[in-house]
Protein chains: 2
Amino acid sequence: MEIICTYTYICVVKLEQAIQSTKFKSEVQKAGLNILYTAWWLKTVMSRELKEFGLTHEQYNVLRILKGKHPELMCVKDIACRMIEKNSNVPRIIDRLEIKKLVKRATSEADKRETVISLTQSGIAVLEASTKQLDAAYADTITICEADAASINELLEKIRENEN
Amino acid sequence: MEIICTYTYICVVKLEQAIQSTKFKSEVQKAGLNILYTAWWLKTVMSRELKEFGLTHEQYNVLRILKGKHPELMCVKDIACRMIEKNSNVPRIIDRLEIKKLVKRATSEADKRETVISLTQSGIAVLEASTKQLDAAYADTITICEADAASINELLEKIRENEN
DNA sequence: AACAAATACATGTATGTACATGTATTATAA
DNA sequence: TTATAATACATGTACATACATGTATTTGTT
């Protein structure tokens, strides 16, 4: 078992500190906890930056997904399948964005079951301003190199190999 | 930039499939999304197994933390600082465990502000049964080797280097 | 064409997250 | 010693998650 790990000490100490635990059954078990903790940390960093724009983490994601197709309209299910957390209740998130007048709802002409969503000018402005600030915060906070990031991507796909 | 990645194709395709997106600004940005998605996936696997025991993800974590010190009692803040998601509302989670008679509350003699929590016999039994099933499900689902897991642990610590 | 099934979304409930505030107790300071 | 601050927890609110169910519309079958 050959592990190249120049940060062994920091590794162990940091997750241990975070969850006050030293007893891990294995590196695999520890990796699970580490992924959960890191995800929580990322969301916290994100939420902190979004707060001044009156956006939550999930509301921002919906705006970002809409921007990806803009000016094309998207229906609710197309937004839902792009969400990171697959059980997100997209209609309800859209409710809140609609109240803030960042998006508009309409019934699809082609299929009246579908609700199509569009970004308003205000929605675009808020998204751009918050994205700018978020990117800056991430750049300050996450300083790993592209190669390390690529390794993470490879290893996480490997973990989800038996996704079902 | 030297990246050893034997799974490049699978990598790219899988996160793309999951969130229906191909436009990542960088490997670092993709890694962020990958961590969030993998965490969601892990929680989903966990919740599915816990369902038959009537436990949620967070309720299970509280039981597990209590077990770590058992038969010693723990106060609410000591549980809270061991939670993975640091903003968990531990008193409310304990409310639900108490209703199911898996834990008991009492006021600390030493400091009457503190509520001390103890596992009931029933709580221990449920925890052991659910842990057994959870471990089996994880063993089936997560098949990476210890060395890869160790690499993940190293890289995630590196991501959180500027934790604040 | 008429009925059954599937689809798209809205909505309801229990639980959890994130954060603010209230209350009792303990620690600190004037 | 009394007032003030800090601590520990409970509780309230808005939003999100997880899942079930309801309603309108479309599709598929006979």
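Per chain, numbering begins at 1; letters A, B, ... match sequence-line order.
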Take B:N61 and B:M46, measure what side chain to side chain contact (heavy atoms under 4.5 Å, CB included) needs, and give me the verdict at the end.
CA-CA 11 Å; B:N61 276 333; B:M46 197 168 168; 4.2 Å; yes
Could I get a table of every N or O pair under 3.5 Å where one atom is in the protein and the other is in nucleotides 3-5 of chain D?
none

Could you list the donor-acceptor pairs under 3.5 angstrom formed by side chains in residues 100-107 of chain A, with sequence neighbours left out?
from: A:K100; atom 1: NZ; to: A:G54; atom 2: O; distance (Å): 2.8
from: A:K100; atom 1: NZ; to: A:Q59; atom 2: OE1; distance (Å): 2.6
from: A:R105; atom 1: NH1; to: A:D95; atom 2: OD1; distance (Å): 3.0
from: A:R105; atom 1: NH1; to: A:E98; atom 2: OE1; distance (Å): 2.7
from: A:R105; atom 1: NH2; to: A:P91; atom 2: O; distance (Å): 3.0
from: A:R105; atom 1: NH2; to: A:D95; atom 2: OD1; distance (Å): 3.0

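- As a member of the Ile/Leu/Val/Met/Phe/Trp/Tyr network built from side-chain separations under 4.5 Å, A:V116 groups with A:L73.
- Here B:T143 pairs with A:N162 under the side-chain hydrogen bond (donor to acceptor under 3.5 Å, both in side chains) rule; sequence neighbours left out.
- The stretch residues 108-115 of chain A comes close to DNA chain C through A:R113, A:E114, A:T115, each having a heavy atom under 4.0 Å from the strand.
- Judged by distance alone, the side chain of A:E146 and the main-chain N or O of B:V28 form a donor-acceptor pair under 3.5 Å.
- Under the salt bridge (charged side-chain N to carboxylate O under 4.0 Å, His left out) criterion, the residue pairs touching residues 75-84 of chain A are A:K77-A:E114, with sequence neighbours excluded.
- Position along DNA chain C of the nearest nucleotide to A:S47 versus A:V90 favours A:V90 as the more 5'-ward residue.
- Whole-Å rounding puts the A:D95 CG to C:dG12 P distance at 11 Å.
- Of the residues in residues 60-73 of chain A, none lies under 4.0 Å from DNA chain C by heavy-atom distance.
- A straight line from CE of B:M46 to C1' of D:dA18 spans 15 Å, rounded to a whole angstrom.
- A distance-only check finds a donor-acceptor pair linking the side chain of B:S130 to the backbone of B:L127 [under 3.5 Å].
- Sorted by first then second residue, the salt bridge (charged side-chain N to carboxylate O under 4.0 Å, His left out) pairs that include residues 52-67 of chain A, not counting sequence neighbours, are A:K67-A:E128.
- Rounded to an integer number of Å, the gap from B:D78 CG to D:dA8 P is 9 Å.
- Sequence neighbours left out, not one pair with a member in residues 116-125 of chain A passes side-chain hydrogen bond (donor to acceptor under 3.5 Å, both in side chains).
- For A:K112, the NZ atom counts as loosely surrounded, since its 6.0 Å shell holds 12 or fewer non-hydrogen atoms of other residues, nucleotides or ligands.
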Distances under 3.5 Å between protein N/O atoms and the N/O atoms of nucleotides 14-17 of chain D, please, pair by pair.
from: D:dA16; atom 1: OP1; to: A:T56; atom 2: OG1; distance (Å): 2.2
from: D:dA16; atom 1: OP1; to: A:Q59; atom 2: NE2; distance (Å): 3.1
from: D:dA16; atom 1: OP2; to: A:R96; atom 2: NH1; distance (Å): 3.3
from: D:dT17; atom 1: OP1; to: A:E58; atom 2: OE1; distance (Å): 3.3
from: D:dT17; atom 1: OP2; to: A:S88; atom 2: OG; distance (Å): 3.3

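- The side-chain hydrogen bond (donor to acceptor under 3.5 Å, both in side chains) search around A:Y60 returns A:T131, not counting sequence neighbours.
- The residue A:K51 sits close only to the backbone: its heavy atoms come under 4.0 Å of sugar-phosphate atoms, none of a base.
- If you check the side chains of A:N34 and B:E157, you find a donor sitting under 3.5 Å from an acceptor.
- Straight-line distance from the CD1 atom of B:I94 to the P atom of C:dT15: 15 Å, rounded to whole Å.
- The side-chain hydrogen bond (donor to acceptor under 3.5 Å, both in side chains) test applied to B:D140 returns no partner, not counting sequence neighbours.
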